[in-house]
Amino acid sequence: MYGAWLQDGRLVTVEKSRGPYTRWLDLPGGSPESGESELETLRRELMEECGVTVAAVLAWFDFDVHVDRASDGTPIEFRHRGRIALVSVDGPVTQVEGVEDVARVVLLAPGEPRPVTPTVSLAWRSLSQQR
C-alpha cells in the first residue's frame, strides 16, 4: 500500500535507504502486518514514514510493473505489484527518524530531475488526471 498526495504543489516522496531502489525517491508506504486491512496499512505506513494522518482516501488503483535494473544498475528480475491510494492528509509531513528503509522525506517538484521509482511516475499521472 502506497499513499500519494501533494504538499505545496509537490509530491510527497521518501528516499529509500536500502533495497533495489536505494537512493531513489519512492512513494511512502509498505506491506501489511498480520491481520491489517489495506486502510490500516496505509494509515500506519504514512504515520511511520511521514508523520501524517490520513484524512480521506480519494481513489485506489492497482499497479504491476516489471523492474529489470536496481538503482545501482545491477540487472534484476522483479515484479513490483501493489496499490496506490490518492489521499488527503491532516497537516504537513515531518521528517521521521529511525524508519528501517527510509532515509528522509522529499517533496518532489514536477519535472525535477531525480531518480524515481515507477510508483512515483504512476502517482504523478494519476494526480494530474484528478485535477
Side-chain angles (χ1 to χ4, degrees):
M1 297 310 117
Y2 294 90
W5 73 101
L6 300 179
Q7 179 174 303
D8 302 326
R10 297 176 290 171
L11 181 64
V12 176
T13 65
V14 294
E15 183 179 324
K16 301 300 279 186
S17 61
R18 67 177 180 156
Y21 297 140
T22 301
R23 293 182 302 283
W24 285 10
L25 301 182
D26 195 10
L27 295 178
S31 300
E33 293 181 352
S34 180
E36 270 186 334
S37 69
E38 290 179 337
L39 185 56
E40 289 168 333
T41 300
L42 181 67
R43 286 182 170 147
R44 177 182 50 77
E45 289 286 347
L46 298 190
M47 176 58 72
E48 288 175 1
E49 295 184 1
C50 299
V52 297
T53 302
V54 173
V57 174
L58 310 172
W60 289 96
F61 66 93
D62 298 321
F63 68 91
D64 181 350
V65 295
H66 175 252
V67 180
D68 62 0
R69 297 247 177 233
S71 59
D72 66 1
T74 304
I76 59 173
E77 284 299 318
F78 177 56
R79 272 274 5 128
H80 192 176
R81 296 179 178 108
R83 295 193 86 195
I84 298 173
L86 303 182
V87 300
S88 63
V89 300
D90 291 328
V93 299
T94 57
Q95 293 295 336
V96 179
E97 304 279 325
V99 179
E100 64 186 55
D101 63 344
V102 172
R104 63 190 176 107
V105 175
V106 176
L107 300 179
L108 182 66
E112 189 174 339
R114 297 283 307 263
V116 299
T117 67
T119 59
V120 170
S121 299
L122 291 169
W124 273 124
R125 280 197 298 274
S126 295
L127 288 164
S128 68
Q129 292 172 356
Q130 293 288 315
R131 294 181 193 190

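Start at 1 with the first residue, then count along the sequence. Side chains included, hydrogens not; waters and symmetry mates left out as well; all remaining heavy atoms used.
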> Between Asp72 and Thr22, is a side-chain hydrogen bond (donor to acceptor under 3.5 Å, both in side chains) present by the stated rule, with each step listed?
Replying inline: CA-CA 8 Å; Asp72 66 1; Thr22 301; over 6 Å; no
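- Between Glu40 atom CD and Glu45 atom CD the span is 12.5 Å, to the nearest 0.5 Å.
- Here the side chains of Trp5 and Leu46 are in contact, with some heavy-atom distance below 4.5 Å.
- Note that CE of Met1 is 9.0 Å distant from OG of Ser37, once rounded to the nearest 0.5 Å.
- Pairing each heavy atom of Trp124 with each of Gly9, the nearest pair is CH2-O, 4.3 Å.
- When all heavy atoms of Ala103 and Ser17 are compared, the closest pair comes out as N-CB, 3.9 Å.
- Side-chain atoms of Ile84 and Leu27, non-hydrogen and from C-beta on, do get closer than 4.5 Å to each other.
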>> Show, in sequence, the C-alpha distance, side-chain angles and deciding distance for Val93 and Gln7, and conclude whether the side chain to side chain contact (heavy atoms under 4.5 Å, CB included) test is met.
In response: CA-CA 8 Å; Val93 299; Gln7 179 174 303; 3.6 Å; yes
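- Residues Glu15 and Val102 are not in side-chain contact: their nearest non-hydrogen atoms beyond the backbone lie 4.5 Å or more apart.
- Atom CZ of Arg114 has more than 12 heavy atoms from other residues, nucleotides or ligands within 6.0 Å.
- The shortest non-hydrogen separation linking Pro118 to Val67 is CG-CG2, 4.4 Å.
- Side-chain atoms of Arg69 and Pro75, non-hydrogen and from C-beta on, do get closer than 4.5 Å to each other.
- A heavy-atom distance below 4.5 Å is not found between the side chains of Val65 and Phe78.
- Salt bridge absent: Arg10 and Glu112 never bring a charged side-chain N and a carboxylate O closer than 4.0 Å.
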>> Please determine whether salt bridge (Lys or Arg N to Asp or Glu O under 4.0 Å) holds for the pair Glu48 and Arg44, giving the CA-CA distance in whole Å, both sets of side-chain angles, and the decisive distance to 0.1 Å.
In response: CA-CA 6 Å; Glu48 288 175 1; Arg44 177 182 50 77; 3.4 Å; yes
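- The pair Glu38-Arg83 meets the salt-bridge criterion, with a side-chain N (NZ, NE, NH1 or NH2) lying under 4.0 Å from an Asp/Glu carboxylate O.
- The side-chain heavy atoms of Thr53 and Val89, taken from C-beta on, include no pair separated by under 4.5 Å.
- For Thr13 (side chain) and Val106 (main-chain N/O), a donor-acceptor pair under 3.5 Å exists by modelled atom type.
- Put simply, the side chain of Leu42 reaches to within 4.5 Å of the side chain of Val87, judged on heavy atoms.
- Side-chain heavy atoms closer than 4.5 Å link hydrophobic residues (I, L, V, M, F, W, Y) into clusters, and following such links, even through other members, never connects Tyr21 to Val99.
- At least one donor-acceptor pair under 3.5 Å links the side chain of Glu49 to the backbone N or O of Gly29.
- In this structure, Leu108 is a member of the same hydrophobic cluster as Leu122, with clusters built from ILVMFWY side-chain heavy atoms closer than 4.5 Å.
- Under a cut-off of 6.0 angstrom, the local environment of CD in Glu97 is sparse, with at most 12 non-hydrogen atoms contributed by other residues, nucleotides or ligands.
- To the nearest 0.5 Å, atom OG1 of residue Thr117 and atom CG of residue Leu25 are 8.0 Å apart.
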>> Apply side chain to side chain contact (heavy atoms under 4.5 Å, CB included) to residues Ser121 and Val116 and explain how you reach the verdict.
In response: CA-CA 7 Å; Ser121 299; Val116 299; 3.9 Å; yes
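- Taking the six-membered ring for Trp, His80 and Phe63 have ring centres closer than 6.0 Å.
- Side-chain N or O atoms of Ser88 include none that pairs as donor or acceptor with a backbone N or O of Ala55 at under 3.5 Å.
- Within the 3.5 Å criterion, the main-chain N or O of Glu33 finds a donor-acceptor partner in the side chain of Glu36.
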> Can you list the steps and then say if Asp26 with Tyr2 is a side chain to side chain contact (heavy atoms under 4.5 Å, CB included)?
Replying inline: CA-CA 9 Å; Asp26 195 10; Tyr2 294 90; 3.8 Å; yes
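- The side-chain heavy atoms of Val57 and Leu39, taken from C-beta on, include a pair separated by under 4.5 Å.
- Linking Ile, Leu, Val, Met, Phe, Trp and Tyr whenever their side-chain heavy atoms come within less than 4.5 Å leaves Val14 and Leu11 in two separate clusters.
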>> Apply side chain to side chain contact (heavy atoms under 4.5 Å, CB included) to residues Leu107 and Val12 and explain how you reach the verdict.
In response: CA-CA 5 Å; Leu107 300 179; Val12 176; 3.6 Å; yes
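- Residue Pro92 comes nearest to Val52 through the heavy atom pair O-CG1, 3.7 Å, listed as atom of the first residue, atom of the second, then distance.
- In this structure, Thr74 contributes its side chain and Ala70 its backbone to no donor-acceptor pair below 3.5 Å.
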